Amino acid sequence: MSTNGTEMGSVAERPIPATVLIVEDEDATRSLCRDVAAESGLRTRTASTTEQALEILDQYPIDIVLTDLRVPEIGGIELLKRIRATYPQTAVIVLTQYGTIESAVEATRMGAADYVTKPFHIPELRGKLDRAVRALEINQENRVLREQLRTRPGFGGLIGVSAKMQRVYRLIEKVSQHNYPVLILGESGTGKELVARSIHFSGSRVKKPFVPVDCSSLVPTLIESELFGYIKGAFTGATHSKMGLMESAGSGTLFLDEIGDLPIDLQAKLLRVLQEREVKPVGSTERVSISTRVIAATNRDLEAAVRQGQFRQDLFFRLNVVQIKLPSLRARKSDIPLLVNSFLEKFNESQGALRTISEDAMTRLLTYDWPGNVRELENAVERAVALGSGPILHVGDFPSNLQYGPSERAPQNDELLPLEQLERRAILRALRESGGDKLAAARVLGIGKTTLYRKLKQYDSEALPN
């Protein structure tokens, strides 16, 4: 019996093989596990007690721990607790005797990546180890992505390294050094205000005010007084004079969001202000000079609005000196992993958690079209972090509209669907309601866990992009 942890498996299949520590007091089982891991291209170390396992963990970098729950001295559950506390990046797979599955389920809730029931089939153990290695690779990619976040080219809170975003960054860099108007176009949720802020805070006006105005949220009868200000007595309720937003921005930047929703009569007055560089407060005969830079944004097609008479052509030309068009998220899906990891970092920090995302969940995020763009993706990740039951986020942790692949849709009440779609819907719902616990989902559905794994693997392969 070997207890010094010096056995090394074959490394032929992996250029940088992962290392698995096998903690098992039965010689035959320990040797079998070591052989299976070595055949999978993993380096191996072994221990027959938890004391030896903790010594090895303290001395060597271990990627995966495969441990029996009944191993002496402190037991597998206590070993799991110590690994999660001291080596949080190390994946743990537990071995449990048939009939004590409840202990294995408890272990997974405490952070174990998976479990294997003894006596086990060699292909099952090999599959569990391969899955753990893939999870390690994803975690490594996540760390690389987080490093890219810290060193990426970009501005402000904008995230992305795709060619489309690189063009946006170059435009921001150019226009931030000038004072002419900029028109930002893009669908809702693409980050138009982030672009405006990046322009302002990257230029010479960085120490001046940045004043955002949502034209779509202002009451039409009050837009003029909000933008240009008013004097005391200008209208009922004007008990004192008030400076308008354009004047309050001073020599800073006024950001007019959703400019396409500005009423046509206000468009003429805004054009006059931009041309003359003066504002006249409501009720006043005096004009006030301004030096404010104006950046406008809209999700509407302003050229079409001009043709339809809904937007003044002269104002469009005045605002459209430089145009920055933001791509939709579905047009830059290569940035999704970077965005997801940025949001995970943000929400993990706010909730004091450490969550990562599974391969199947990332695949589903990559195949979804994201009509709400980056804002929708951020909300989806925030929900998953808040409601997820374990350290790894699965498809079931995300909103229900993400439970279906690109060729599917959520069924309506009393709608007849093919049995295959109904089966898929039931499985995904059971997973969602069990918080990603596959064993619990299988029990609710009345099917074996092997059947459930096979179905999920089938769904994942169907969801992969061509």
Side-chain angles (χ1 to χ4, degrees), residues 18 63-65 80-94 104-115 128 131-150 152 157 159-160 329 333 335-368 370 372 374-403 428 430-441 456 460 463:
D63 300 299
I64 303 167
V65 173
L80 170 62
K81 289 180 182 178
R82 297 192 186 185
I83 292 173
R84 297 307 300 162
T86 311
Y87 312 98
Q89 300 300 328
T90 300
V92 179
I93 301 174
V94 298
V105 173
E106 178 63 23
T108 58
R109 289 180 178 148
M110 294 170 54
D114 214 331
Y115 67 89
K128 302 281 187 178
R131 186 179 182 88
V133 170
R134 286 199 300 272
L136 288 170
E137 292 170 348
I138 291 173
N139 287 337
Q140 176 61 28
E141 290 172 5
N142 289 346
R143 287 192 289 272
V144 171
L145 289 170
R146 283 193 290 271
E147 181 60 27
Q148 288 179 352
L149 283 174
R150 287 187 280 271
R152 76 185 190 281
I159 297 169
L329 185 54
K333 286 191 172 182
D335 287 331
I336 288 178
L338 199 63
L339 287 160
V340 169
N341 280 277
S342 172
F343 298 145
L344 281 175
E345 193 172 67
K346 172 183 175 181
F347 299 127
N348 281 341
E349 182 178 352
S350 65
Q351 297 197 15
L354 181 60
R355 302 283 176 79
T356 59
I357 186 168
S358 67
E359 185 178 4
D360 58 335
M362 182 64 79
T363 297
R364 184 55 53 87
L365 299 186
L366 287 167
T367 57
Y368 184 63
W370 301 108
V374 178
R375 184 184 297 122
E376 183 184 5
L377 175 61
E378 182 175 10
N379 292 339
V381 174
E382 183 175 18
R383 176 196 186 278
V385 170
L387 301 181
S389 58
I392 301 176
L393 301 178
H394 296 279
V395 174
D397 296 318
F398 286 85
S400 57
N401 57 322
L402 292 171
Q403 307 301 318
L428 294 176
L431 263 180
R432 184 167 65 251
E433 294 186 355
S434 65
D437 187 330
K438 295 182 176 63
L439 181 61
L456 291 175
D460 285 346

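Not measured: the values here are computed from a predicted model. Scope of the values below: all heavy atoms of this structure, side chains included, with no hydrogens, waters or symmetry mates.
- Using a 4.5 Å heavy-atom cutoff, the side chains of His394 and Asp360 are in contact.
- At least one donor-acceptor pair under 3.5 Å links the side chain of Thr363 to the backbone N or O of Glu359.
- In this structure, Val385 and Leu344 have side chains that are in contact, with non-hydrogen atoms separated by less than 4.5 Å.
- To the nearest 0.5 Å, atom CG of residue Asp335 and atom CD1 of residue Ile159 are 9.5 Å apart.
- Taking OG from Ser358 and CZ from Arg134, the interatomic distance works out to 11.0 Å, rounded to the nearest 0.5 Å.
- In this structure, Thr86 contributes its side chain and Ile83 its backbone to no donor-acceptor pair below 3.5 Å.
- Distance check: Ile93 CD1 to Lys128 NZ gives 8.0 Å after rounding to the nearest 0.5 Å.
- Relative to the ring axis of Tyr368, Lys333 does not place its NZ or CZ within 45° and under 6.0 Å from the centre.
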**Request:** Start with the C-alpha distance between Lys346 and Glu382, add both sets of side-chain angles, then the distance that settles salt bridge (Lys or Arg N to Asp or Glu O under 4.0 Å), and finish with yes or no.
**Result:** CA-CA 9 Å; Lys346 172 183 175 181; Glu382 183 175 18; over 6 Å; no
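- Using a 4.5 Å cut-off on side-chain heavy atoms (C-beta onward), Ile64 and Thr90 make no contact.
- Pairing each heavy atom of Trp370 with each of Leu365, the nearest pair is NE1-O, 2.8 Å.
- Side-chain contact between Asp114 and Thr108 is absent, with no heavy atoms from C-beta onward closer than 4.5 Å.
- Here the shortest heavy-atom pairing between Ala112 and Val94 reads CB-CG1, 4.3 Å.
- Inter-residue side-chain proximity for Val395 and Leu402 is flagged as unmet; no heavy-atom pair is nearer than 4.5 Å.
- Considering CZ of Arg375 and CG of Leu329, their distance stands at 12.0 Å, rounded to 0.5 Å.
- Residues Phe398 and Leu387 have side chains not in contact (no heavy-atom distance under 4.5 Å, counting atoms from C-beta outward).
- Atom CG of Asp397 sits about 8.0 Å away from atom CZ of Arg383, to the nearest 0.5 Å.
- Remark: Arg84 CZ is packed, more than 12 non-hydrogen atoms of other residues, nucleotides or ligands lying under 6.0 Å away.
- Contact check for Val65 versus Tyr87: no side-chain heavy atoms found under the 4.5 Å cut-off.
- Among all heavy-atom pairs drawn from Pro399 and Ala380, the shortest one is CD-CB, 3.9 Å.
- Residue Glu137 holds its CD atom at 10.5 Å from CG of Asp63, rounded to the nearest 0.5 Å.
- Note on ring orientation: taking the six-membered ring where Trp is involved, the planes of Phe343 and Phe347 are tilted (angle from 30° to 60°).
- Listed here is the closest heavy atom pair of Val133 and Ala18: CG2-CB, 4.5 Å.
- The shortest side-chain heavy-atom distance between Ile357 and Val381 does not fall under the 4.5 Å cut-off.
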